[in-house]
Amino acid sequence: MKSQAITIYCLMLYLATECSHPRSKTHIKDGDKLQGPEGKPKTERMQEKCHGPCTTSSNCSQPCVQHFRGEIGFICNGNKWQKSTETCTSLSVETLFMDLNNTSRFSVAAPFIPLHIVDYQAPEPIESVAQVIQMNCPLDYACIIDVVKSSEATSGNIAFIVKLLKNISTHLSDNVTQEKMKSYFKVANHILDKAVIPNWAFIPDKNAGSDLLQSVNWFARRFRIQNELEHITDELFIQTKGLHINHNTSERSFSFSMNVSNTTEGILGMIEVPRQELWKLPPNASEAIGIAFPTLGAVLKEAHLQNASLPRQVNGLVVSVILPERLKQILFTFEKINKSRNTRAQCVGWHSRKRRWDENVCETTLDTASKVKCWCNYTNVLMSFSILMSPMSVDNKVLDYITCIGLSVSILSLIVCLIIEATVWSRVVVTEISYMRHVCIVNIAVSLLTANVWFILGSNFNKKAQNYNWCVVVTFFSHFFYLSLFFWMLFQALLIVYGLLVVFRRMMKSCMMAIGFAIGYGCPLVIAVTTVAITVPGKGYMRHGACWLNWDNTKALLAFAIPALLIVAVNLVVVLVVAVNTQRPSIGSSRSQDVAIIIRISKNVATLTPLLGLTWGFGIATLIEGTSLIFHIIFALLNAFQNASLSPTYGSKLMNC
């Protein structure tokens, strides 16, 4: 045996001499060789940069340090080499079980042979790990813990451990005990440590985070709870709890408190199974398991993410639930990590097949500065839930004050305008054209007043617990009446055009009224109803956190912006046409009264159109991500005070009619 060991040792030394040159795709400095002058391996890292010329979008690679297989990839950005990928790994199927299987075989040579020499052959495929675990530690999987926990959490090792856990959950989940759960979660906890989260960014496979989440959920799904309420695992970065449920139990819940950053206080998360859902269960006992991750949200990369230039940031714990198939809905309470007033929350579920957050499976029932309540649908592909930050929402006291004061003055001014109309009505509606002019003024004021009332209801409602159906109603009527304002302005412009081309007295008043109401209320109703019918089934009608039209997902806001801006453009053209035509001396004296009324209507349109167009121009600017707060303030000022400035204008003109 001694001679055999010496022979093996000599063979290893020979291979070390032959294989000591690094497998590199770039040039390496003389001082960076893998072995020192005395034949002992160096432990310091290679210089993590490339030595070739750095041109835009060019890339290169460097070998890993000793004892690690793989390479480090770099890309040229701004004339500097930046690390892009890393596959450096010291783990393999052989190294996981070296202490068990290889100690006797290399008892003499192993202390003097570097790891990469012992592992000189191609590593065993990860698929074979299940068989080796079954042979060495089938009861608790504990034989892999020490090697994994002592390994450096490089990007390559993280990727290897993710594959290891995925293989275990696929092939060794027939009889999952609490001992196996603890071992499994200790391994997962090692790569979820907040100190190693940055290394996930360099893993070439961007689905690694999703694979880990799905593997953990699948493995926990096969666990059977023994006690009434069980703390299954309690690691720093992954906790698991379970309880028994049946149709006779009252509402059940379990909560988690975990540290996300270097703060002393933990972030809370709660899972509640509602009583009405428990009624769906059979009399015999069923199980509910909850798993909480404080750091996993940072490594879940969304696939095929549209309409987003930046990754959506998770703002709470990621919580997975394993429930009986009959249960379809569940209530979550998430404490916000970022409690800034400038951030709102969006309840989401992780779709394991699409590999992205799905906002359509959850409804936000409460959104305060510190916590969020979510009502979510549960399926086999939607088992994990959390909250995302909504960076585009702006919440500022200055905007609140401007809106509150401005709308109060606006509503008062509109009421005064309507009172003046009622007072002078009989004296000013002497002709058909003047009659229709004042019908337009009254309906514009009524539309604007009603829209403002719905806007106030929606604004106050946003700060309270939201009810989805009620918020749909608020959004619908706000949309409808704001559109009515613009379409009555359009009818005013059509009156001007008709007055220039045709004698108004030839059209009956009832016919003009029918056309006016068809345009002023019929067109907005068609647009508003169509928007609801198209977007509500997919829950894309409203913005998240506000009772107003959605922009991020369905672009439902275009159903307001496009008609409004088109009407503004048409009205500006009409005003220019009137300005040119009224300068001509060819108009007969018999039409002088109508012409004077047309000029008054044109002045009204000329006042309304630029102000409303400018207001909603700034409104569209606020939809652009990263827009300065000043745009929001200008829009709030114009939107709040435009009505107050218009009402006195109408009033003064009414007194002159």
Side-chain angles (χ1 to χ4, degrees), residues 19-29 32-34 41-52 54 57-77 80-98 114-129 144 147-168 187-188 190-193 195-215 296 298-301 303 355:
C19 304
S20 61
H21 299 288
R23 299 184 301 273
S24 172
K25 297 181 183 178
T26 59
H27 297 289
I28 303 173
K29 293 181 180 180
D32 286 332
K33 294 182 180 179
L34 288 178
K42 295 174 65 177
T43 56
E44 54 267 26
R45 286 189 173 274
M46 299 277 299
Q47 191 174 9
E48 291 190 352
K49 67 177 182 180
C50 295
H51 305 289
C54 181
S57 299
S58 61
N59 52 63
C60 73
S61 61
Q62 285 279 56
C64 303
V65 298
Q66 295 185 42
H67 314 309
F68 287 83
R69 294 180 305 276
E71 61 184 19
I72 304 171
F74 297 87
I75 189 169
C76 183
N77 187 11
K80 292 183 179 180
W81 290 111
Q82 294 184 354
K83 184 177 175 181
S84 58
T85 60
E86 180 191 314
T87 59
C88 300
T89 176
S90 61
L91 293 174
S92 65
V93 176
E94 292 83 359
T95 57
L96 282 176
F97 307 100
M98 180 179 294
L115 181 59
H116 70 285
I117 300 301
V118 175
D119 231 357
Y120 69 96
Q121 294 180 337
E124 289 287 334
I126 188 66
E127 289 75 15
S128 64
V129 74
I144 63 174
V147 176
V148 169
K149 293 182 68 174
S150 62
S151 65
E152 185 177 349
T154 62
S155 301
N157 279 344
I158 292 173
F160 177 86
I161 294 171
V162 170
K163 293 179 181 178
L164 170 66
L165 294 173
K166 184 177 181 179
N167 192 267
I168 293 174
V187 174
H190 178 66
I191 58 175
L192 289 174
D193 191 307
V196 305
I197 291 300
N199 294 343
W200 282 78
F202 303 112
I203 300 176
D205 183 7
K206 300 307 177 184
N207 293 327
S210 177
D211 288 341
L212 175 63
L213 177 60
Q214 191 170 359
S215 299
L296 182 62
V299 302
L300 286 173
K301 306 298 181 183
R355 297 182 184 271

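When all heavy atoms are compared, the tightest approach of H190 to K149 is CE1-O, 3.5 Å. Heavy-atom minimum distance, T85 versus P204: CB-CG, 4.3 Å. Counting all heavy atoms, side chain and backbone alike, N157 lies closest to S151 at ND2-CB, 4.1 Å. Nearest heavy-atom pair, S90 versus H67, reported as atom, atom and distance to 0.1 Å: CB-O, 3.6 Å. In terms of heavy atoms, G70 sits closest to T87 at CA-OG1, 3.5 Å. Closest of all the heavy-atom pairs between V196 and A153 is CG1-CB, 3.4 Å.
Within the 4.5 Å cutoff, no side-chain heavy atoms of I72 are placed close to those of F202. Considering only heavy atoms from C-beta on, V187 stays 4.5 Å or farther from I168 through its side chain.
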Yes or no on side chain to side chain contact (heavy atoms under 4.5 Å, CB included) for I191 and L212, after CA distance, side-chain angles and deciding distance? CA-CA 10 Å; I191 58 175; L212 175 63; 4.1 Å; yes
The test is side chain to side chain contact (heavy atoms under 4.5 Å, CB included); show your working for F160 and T95 and say whether it passes. CA-CA 12 Å; F160 177 86; T95 57; 6.0 Å; no
Apply side chain to side chain contact (heavy atoms under 4.5 Å, CB included) to residues V147 and F97 and explain how you reach the verdict. CA-CA 8 Å; V147 176; F97 307 100; over 6 Å; no
Intermediate values then yes/no, side chain to side chain contact (heavy atoms under 4.5 Å, CB included), W81 and S58: CA-CA 9 Å; W81 290 111; S58 61; 3.6 Å; yes
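A donor-acceptor pair is defined here as one N or O able to donate and one able to accept, closer than 3.5 Å; such a pair exists between the side chain of R69 and the backbone of L91. Of the possible polar contacts, none joining the N199 side chain to the I158 backbone as a donor-acceptor pair under 3.5 Å is found.
Put simply, NZ on K206 and CH2 on W200 are 11.5 Å apart, with the number rounded to the nearest 0.5 Å. Distance CG/L164 to CG/L96: 6.0 Å, rounded to 0.5 Å. Expressed to the nearest 0.5 Å, how far CD1 of I75 lies from OG of S61 amounts to 13.0 Å. C88 contributes atom SG, which lies 10.5 Å from atom CD of Q62 (distance to the nearest 0.5 angstrom). In this structure, CG on L192 lies 5.5 Å from CD1 on I197, to the nearest 0.5 angstrom.
Side-chain atoms of E152 and T154 form no donor-acceptor pair, as typed in the model, at a separation below 3.5 Å.
A salt bridge does not link K301 to D205: none of the charged side-chain nitrogens sits closer than 4.0 Å to a carboxylate oxygen.
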